[in-house]
Amino acid sequence: MTMKIWYQSMAPLGHLPRYVQALSQHAREVCGDEVAVTFNGASDHWYDVRTPAEMLRYPYVKHVIQREAIGFCRRAQAEGHDAVVLGSFSEPFLAEIRSILHIPVVSMPESALLTACVLAERFALVPLAPAGVKRVAALVARHSLGARVSGIEALDRPVTEAQLEAAMGAPQAVCEDFRAVAQRLVEGGADVVIPAEGVLSELLFFNGVRTIDGATVMDCIGNALAAAQMMVRLQRATGMGVGRRWAYTTPPADILEQVDALSAR
């Protein structure tokens, strides 16, 4: 292997075996044999019988659960991974993680939005449920791309990650629901439609949902993995990396050590 990528999901992957199998196959198709991809999820104990869609809608709960993403990503760097993918539309602690890692950190939603800018003048997003519309709109605003978005509309029949896992074996209803929503968004001006959730994107990809009435359906996971590969190659070939002057300033080693020691108490 010439490259190692750490893919950090915020779903409890131990609860989603079909999704994990699909991710592994997808990574082989996109990255080939020269890249080893490690898929890591949120600790299963956070969710018990609940789903991320249920839990992460609450700001405090989301903050507590997603803090562990920082430790996971630091571990990935320490273990020799060449890049990290934050594989979640919740985009956990992106600025904080980029500020302390020296390897590329790719956000799945950010990379999807940036690729959509290459593929279309206007694009739209489809979250799992109405509660996700506001969150996705805030994410788009955070990346200053609102002017390129023609619409954000949830699935007509909201689903959770657990229901999507079950639908991996019987995907027709979810695919039809997505197609119906996407068709409305395409008629509203979108030339790319982004499934704004990792499990949904994977289900659509593996069931051949590539276009809707001439508009492209984003493969969010394949795109994020390809973006990570590109950033590693650029870093190796040119030395180009994260700017450290403003948003992603790295703390001095002594301050980081002090904070880590206090946090461990």
Side-chain angles (χ1 to χ4, degrees), residues 3-31 35-44 46-47 51-53 55-56 62 65-77 79 81-98 101 103-116 125-128 132 135-136 139-140 142-143 160-162 164-165 168 194-206 217-232:
M3 190 183 300
K4 293 170 62 180
I5 295 174
W6 180 279
Y7 185 101
Q8 182 60 50
S9 172
M10 292 317 298
L13 296 186
H15 298 173
L16 305 170
R18 287 174 172 168
Y19 178 48
V20 173
Q21 182 179 3
L23 286 173
S24 299
Q25 180 179 338
H26 202 161
R28 289 192 297 271
E29 293 176 1
V30 172
C31 301
V35 180
V37 182
T38 299
F39 292 99
N40 188 65
S43 297
D44 291 349
W46 290 119
Y47 296 105
T51 67
M55 299 287 279
L56 300 182
K62 176 183 174 183
I65 291 175
Q66 294 193 334
R67 281 185 306 191
E68 69 176 5
I70 299 173
F72 284 141
C73 293
R74 294 181 73 180
R75 170 183 150 195
Q77 178 172 268
E79 292 179 354
H81 288 80
D82 299 293
V84 163
V85 172
L86 292 178
S88 171
F89 266 80
S90 59
E91 208 171 56
F93 295 100
L94 174 60
E96 290 80 358
I97 293 169
R98 274 193 179 145
L101 263 58
I103 58 177
V105 178
V106 170
S107 154
M108 181 168 70
E110 181 186 47
S111 63
L113 292 169
L114 295 176
T115 299
L125 299 97
V126 181
L128 298 185
R135 175 177 54 79
V136 170
L139 184 151
V140 169
R142 188 158 66 246
H143 292 294
T160 66
E161 293 85 354
L164 287 171
E165 167 74 8
M168 289 282 183
I194 301 173
E197 204 281 330
V199 188
L200 175 62
S201 181
E202 195 71 334
L203 183 148
L204 295 168
F205 177 81
F206 269 93
V217 175
M218 177 68 65
D219 170 12
C220 297
I221 291 165
N223 179 72
L225 290 169
Q229 286 181 272
M230 179 186 73
M231 296 309 301
V232 172

Measure the shortest side-chain to side-chain distance between Tyr47 and Leu56 over non-hydrogen atoms and say whether it is less than 4.5 angstrom. yes

Flag the pair Ser9 / Phe39 as yes when at least one side-chain heavy-atom distance between them is below 4.5 Å, and no otherwise. no

Can you name the closest pair of heavy atoms from Cys73 and Val84 and give their distance? SG-CG1, 3.6 Å

Contact summary for Leu203 and Leu164, nearest pair of heavy atoms: CD1-O, 3.7 Å

Nearest heavy-atom neighbours spanning Pro109 and Ser88: CD-O, 3.3 Å

Sub-6.0 Å ring centroid separation between His26 and Phe205: yes

Is the closest side-chain heavy-atom distance between Glu197 and Glu161 below 4.5 Å? yes

For the side chain of Thr160 and the backbone of Thr51, is there at least one donor-acceptor N/O pair under 3.5 Å apart? no

Going from NZ on Lys4 to OG1 on Thr38, what distance comes out if it is rounded to the nearest 0.5 angstrom? 6.5 Å

Would Glu68 and Trp46 count as having a side-chain donor-acceptor pair, cut-off 3.5 Å? yes

From Leu94 CG over to Leu86 CG, what is the distance, rounded to the nearest 0.5 angstrom? 6.0 Å

Any donor-acceptor N/O pair, Asn223 side chain to Ser111 backbone, under 3.5 Å: yes

Drop me the distance from Leu139's CG to Leu113's CG, to the nearest 0.5 angstrom. 6.5 Å

Which atom of Ser90 lies closest to which atom of Gln66, heavy atoms considered: OG-NE2, 2.6 Å

Check: Glu29/Gln25 side-chain N/O donor and acceptor closer than 3.5 Å: yes

Does some side-chain heavy atom of Asp82 sit less than 4.5 Å from a side-chain heavy atom of Ile103? no

May I ask you to test the His143-Leu114 pair for a side-chain heavy-atom distance under 4.5 Å? no

All heavy atoms of Leu225 vs all of Ile5, minimum pair found to be O-CD1, 4.1 Å

Under a 3.5 Å distance rule, please check whether Glu165 uses its side chain to pair with a backbone N or O of Arg18 as donor and acceptor. yes

Minimum side-chain heavy-atom gap Met10-Pro52 below 4.5 Å: no

Quick check: do Met218 and Pro195 have side-chain heavy atoms less than 4.5 Å from each other? yes

Only one of Arg135, Arg142, Lys62 passes salt bridge (charged side-chain N to carboxylate O under 4.0 Å, His left out) with Glu91, and that residue is Arg142

Distance-minimising heavy-atom pair for Val136 and Ala196: CG2-CB, 4.0 Å

Do Leu200 and Phe89 make a side-chain contact, defined as non-hydrogen atoms from C-beta onward lying under 4.5 Å apart? no

Arg67 side, atom CZ; Glu96 side, atom CD - distance, nearest 0.5 Å: 12.5 Å

